[in-house]
Amino acid sequence: MYNDILRFIREVFHEPEDFIPLHAPYFGGNEKKYLNDTIDSTFVSSVGAYVNRFEEMMATITGARYAIAISNGTTALQLSLVAAGVAPGDEVITQPLTFVATANAIVHAGAQPVFIDVDRDTMGLSPAALRTFLTEHAEITDGICRNKKTGHRIFACIPMHTFGFPCRIDEIATICEEYKLVLIEDSAESLGSYYKDVHTGNFGLMGTFSFNGNKTVTCGGGGAIITNDETLAKKLKHLSTTAKIPHAWEFAHDSVGYNFRMPNLNAALACAQLEQLPEILENKKQLAETYARHFDGQKISLVAAIPHAAPNHWLNTLLFPNKEEQQQFLKESNEGKVMTRPAWTLMNRLPMYAHCPHGDLSNAQWLEERLVNIPSSFRTGAAKPYTAS
Ligand SMILES: *Cc1c(COP(=O)(O)O)cnc(C)c1O
């Protein structure tokens, strides 16, 4: 039924018959050289020149004043909540359509997730749904936002830029300010994505990133937090490095810290990858444009960014008219060795999060039944001739 689409994807990747992954890493630069440097220098662990260089590069790329290297995207989210002052029992708003790490990090930080719907077009947190929920459920007393029903403090809001498409983050920031909520952007998927010419992760107090193997660029495993607040930046670095008081030889610590620093080994890989970010983004943009031309005016549509949003095109996303067709395409494509994936199971339907408060989630459900991610890797030049069979 979907032979045409599968054939087209094979043409686009110059891959007539072998397996096509959803998203493969691309190592085309100084990766091996920098990794060797770390081994030659013996600085493979959490202290080293590449860790500092990585932080400088991340600050430059995102335009944030500070970037802190963290062990991965999940711990980056957890630590950002801790550094912002989350307390046990606090509620933290996020979207149900996200990778499970977002909700896990909230719980690891001692808080409870509250799931608010996404917009259909951005697939990220909906400012309208956020406002509806807060109008109905929140009250502000002495500068603290509380959930009238549960009595708990609503501490923070963590929107996520799904598949690299920026959500309406400026509107969300305005609402968060109004309701005294700490805004932390889960930008794990949106390195290189801009909204109104500002890099994602800069709209609230902090933004977090991931360099896991499936992301736009990878360092095996790694993360980062960006912020424009100097005090917070120092606190993040302190807490992520076991809260050790700097001293030439003494081991003294002033709070319960974390071992969340990115090792130099990973930072070396990250630096080599970040050097290639412009090239990778351009390559992925061309792929997205190729897909867009093909699906233009079709019954099965390709998700496009909203006005003022410049996505990184991490994962291209198709929308099917209904669940049956979505399931049929998932079956045919994966059986045909073209890797495709549906959305994550919505957080509110996972056993450990089923009891969490939530608003109306009909857009998330609508998307869950229709969306499919299609192969979106960096395309290398080596073209195999395509032979239709
Ligand atoms: C990948 C990802 C994370 C977690 O990052 P890790 O580095 O794998 O811990 C968090 N949130 C979202 C939305 C992600 O896609």
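For the single chain, residues carry numbers from 1 onward in sequence order. Counting starts at 1 for both ligands and their atoms, in listed order.
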**Q** Is a salt bridge present between E178 and R131, judged by a nitrogen-to-oxygen distance below 4.0 Å?
**A** yes

**Q** Would you check if Q78 and F260 make a side-chain contact, meaning some heavy-atom pair closer than 4.5 Å?
**A** yes

**Q** Give every pair formed by an N or O atom of ligand 1 and a protein N or O atom closer than 3.5 Å, one pair per line with both atom names and the distance to 0.1 Å, or write none.
**A**
| from | atom 1 | to | atom 2 | distance (Å) |
| --- | --- | --- | --- | --- |
| ligand 1 | 5 (O) | S210 | OG | 3.2 |
| ligand 1 | 7 (O) | G73 | N | 2.8 |
| ligand 1 | 7 (O) | S210 | OG | 2.7 |
| ligand 1 | 9 (O) | N72 | OD1 | 3.3 |
| ligand 1 | 9 (O) | G73 | N | 3.3 |
| ligand 1 | 9 (O) | T74 | N | 2.9 |
| ligand 1 | 9 (O) | T74 | OG1 | 2.5 |
| ligand 1 | 11 (N) | D186 | OD1 | 3.4 |
| ligand 1 | 11 (N) | D186 | OD2 | 2.8 |
| ligand 1 | 15 (O) | E189 | OE2 | 2.5 |
| ligand 1 | 15 (O) | K215 | NZ | 3.3 |

**Q** Is a salt bridge present between K237 and E55, judged by a nitrogen-to-oxygen distance below 4.0 Å?
**A**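 Judged by the 4.0 Å cut-off on N to carboxylate O distance, K237 and E55 do not form a salt bridge.
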
**Q** Using salt bridge (charged side-chain N to carboxylate O under 4.0 Å, His left out) as the criterion, list what pairs up with K196, not counting sequence neighbours.
**A**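 With sequence neighbours excluded, K196 shows a salt bridge (charged side-chain N to carboxylate O under 4.0 Å, His left out) to D170, given in chain and number order.
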
**Q** Is the shortest distance from a Lys or Arg side-chain nitrogen in E275 or R53 to a carboxylate oxygen in the other one below 4.0 Å?
**A**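 Yes, this pair counts.
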
**Q** Considering only NZ, NE, NH1 and NH2 on the basic side and carboxylate oxygens on the acidic side, decide whether K234 and E230 come within less than 4.0 Å.
**A** yes

